[in-house]
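This report refers to the structure that appears directly beneath it.
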Amino acid sequence: MLSARSCRQGDGLRIEKLRVQYPRREAPALDGVDETIEQGELVVLAGPSGCGKSTLCRTLAGFVPDVIPADVQGGAWLDGMPLLGRDPSDISPFLGYVQQDPDAQICTLNVWQEVAFGPENLCVPAQEVESRVHVALSEVGILHLAERSTTALSGGEMQRLAIASILAMGPAWIFLDEPTANLDPDGAEMIFHVLGQLRRREGRTVTVVEHRLAPLVQYSPRVMVLDRGHVVERRHIRSHYDLAEMRLRAGWPQARSKAGQRLCSPGDPPLIDVMEIGFGYGGRPLFQNLSFSIRRGEVIAVIGPNGCGKTTLLRLIADLDAPQGGRIKREESLRLGFVSQHPHHQIFERTIRREYAIDGVRDESKLNRLLSESRLDGLADASPLSLSMGEQRRLTVSTALSRRPDLLLLDEPFIGQDRANVIWVLSQIREAAERGAGIVLVSHDVELVASIADRVLYLGDDVPCGSPDSVFAHLSEQGRHAYTPGYWEDRQ
Amino acid sequence: MTHLEIGQVTPRSGPVGNLLLLAGCVAAVLVAPGIGVKLAVLLLILAVARAFTGSILIFARKLRFVAVFSLVLFVSQALSIHIGRVVLWGSITDQGLVSGAEMALRFLVILSSSMLFVVLTDPDELTHVLIRAGIPYRFGFVLSLALRFVPFFSQELSRVREAQRLRGIVFSYRRPSEVRRAIYYTFVPVLVSGLVRVDAVTMSMKGRAFGTDKRRTWSRPLRWTGADTLFLVLSATLAVVSLLARRFQWA
């Protein structure tokens, strides 16, 4: 066990020639990373999927190679204390790591117990545990939830609990892996605020893996861009101008682009007619008297807070659940495509070729065309489970579209995806709509929704549904600014 | 279904009290003959569930599968036992009906009291009790973690089945190859989900110094509550009643 004396205050985090090679992978995940992070900094790790962001965090926190086997070379020191080769438990009082999925990392069934779990494992005296739990919950603003069951928390609350659980260990250094990936705009704003507070008020050093950079500009972070295991850019971002310039130099495409010409016309009969439906759980209504229709060639985006019933609405449309009031009229022999939030739920076969065969793709030339369109060339006989998350997402979208669905339902298809994958998914949605499919897209990403949707449905206290401009204007009037595009840029 | 999932837990009982109640119920249905005591124990379990979980409906709904299976047991027993007086349809005897009811109630009570134990017991407190009973901390905690994983696997299973349905995957189960395919298509995705989850929980536990020391602090000590005393009294009463029932052969 390390003692606090092992660390020399003020040296910062020093990484030298860090190289991480996972077994059975051709290229190293990190290749010669040299970096120094000063105490009190806010550092954002950015870059495409698989570039090594999470590997860097996990290696520094001791999980690679302790939990995830890999060959690790080079060195890393935290305030003079060597990090590599140490047990994660030894590092945890100094450097904490918050994983991406907050739900998956919860070990107990009560908020108070969850936060106390770390200090209790360190054999901290009971009175001090009590005080640490109190302080950690206060820091992230969920002290009022102390006695709540962890199963009764919203996504944003769970994320704050995950952060509090790490804070209670007392580390001065905190690494967070995409802490806002699963959160609605309000929840994400709260987390960004917490990160800012931790750095400004508590003087902690915060390193965050994040695809969304705009919300962090207000904290003047230092952005480190990784690509294929190398740090390819380091830059302090003090304004949205700096951010735009960096994106331009990195060749990032702009988020907003006009949707293509649609086949939809108001006179077409609807594919789906949702008529005054209602649904709720345990006596709590999610929505009541909800009505709208979906026509061919139309993209409807569903947005709203965590827990408002967006996924439930998709389930009702897909006939997985029945509405508790009203009804849903579907076009006869409607072919449905469904892309779920977690790709591994939809992958069943041992090769990609057999995966496509489930949807009737047996012709070799068609298979090769689909693989090429999905940027999975040459992988027909590879196991789908060996693919990266981004590749699995492309596979599930591609197999769903290979059935030529009349109606395509997508549940948060952009979560955890890098820019290139997001653009690929958007292009597939556009093509499907242009072919005449109706699309229902659930997403928290308001910018992407604004770029692709013909209509937006906001599920909340009231349920506006209409053109993106009219719905965003309505939400702005209601004070729900985080649900409007350009919110983060306008805040500066 | 796990601790606190059902709803507002009003009075609180500890793991020892819950264990005593479970032991009392199981012992009563194994020791007492006839159906009277078994039926009374079942009603007692439902009453405790109502008082301690706040919702009898959700608890009863969770018991649906167990109830259906109990009914199957009852019917099969009634149809297969031909000793005694014929009372129905020329072949169903009174002894067959009694024996079927006894078996079904025994099954129902054992399963429902176990379910009640899981619902009422806080896994963290259970770990505490196990460790005080001499079980090493690592093993005790893993046991309580397993309780948390039960609902996870059942949720994942239904998600995977829904994904199969949405892709038009139907299994005929007539040929062994189809059964094999059904197993592969269902268990591989669930297993993958489970492994991803296990990795995340392992990292979470290690990142919070789990296992660094053989001991740990318990900042919230176990307390003996009024509910625990009630369960102790109920358990003792069940033991006495079931022994009396056996002694005097109550039906």
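Every heavy atom of this structure was used, including side-chain atoms; hydrogens, water molecules and symmetry mates were not. Naming: A, B, ... by sequence-line order, numbering from 1 per chain. As the structure is a prediction and not an experimental result, all values here were calculated from the model.
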Tell me, side chain or backbone of [X] under 4.5 Å from chain A's heavy atoms, or both, or neither?
X: Leu145(B); answer: side chain
X: Arg181(B); answer: neither
X: Tyr137(B); answer: side chain
X: Val188(B); answer: side chain

Inset, instruction - Determine whether more than 12 heavy atoms belonging to other residues, nucleotides or ligands lie under 6.0 Å from atom CZ of Phe139(B). - result: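 No, because the 6.0 Å sphere around CZ of Phe139(B) holds 12 heavy atoms or fewer from other groups.
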Inset, instruction - Might you confirm whether atom OH of Tyr184(B) has over 12 heavy atoms from other residues, nucleotides or ligands at distances under 6.0 Å? - result: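 More than 12 within 6.0 Å, yes.
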Interface residue of largest heavy-atom contact number with chain B, from [options], under 4.5 Å:
options: Asp319(A), Ile68(A), Ile166(A); answer: Asp319(A)
options: Leu336(A), Asp101(A), Thr399(A); answer: Thr399(A)
options: Ala61(A), Ala318(A), Ser165(A), Ser340(A); answer: Ser165(A)

Salt-bridge test for [X] and [Y]: reply yes if a basic N is under 4.0 Å from a carboxylate O, no otherwise.
X: Arg220(B); Y: Glu147(A); result: yes
X: Asp103(A); Y: Arg197(B); result: yes
X: Arg215(B); Y: Glu120(A); result: no
X: Glu162(B); Y: Arg315(A); result: yes

Inset, instruction - Compute both the distance and the angle, then confirm whether Arg165(B) meets the cation-pi test with Phe338(A): under 6.0 Å from the six-membered ring centre, within 45 degrees of the axis. - result: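 No; the conditions do not both hold, so Arg165(B) does not lie above the ring face of Phe338(A).
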Inset, instruction - Under 4.5 Å heavy-atom distance to chain B, tell me which part of Leu409(A) shows up: side chain, backbone, both or neither. - result: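 Neither; nothing under 4.5 Å.
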Inset, instruction - Verify whether the ring centers belonging to Phe187(B) and Phe348(A) lie closer than 6.0 Å. - result: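 For Phe187(B) and Phe348(A), the ring centres are not under 6.0 Å apart.
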Inset, instruction - Tell me, out of Val160(B), Val201(B), Leu166(B), Asp124(B), who's got the most heavy-atom pairs with chain A below 4.5 Å. - result: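 Top option by heavy-atom pairs under 4.5 Å: Leu166(B).
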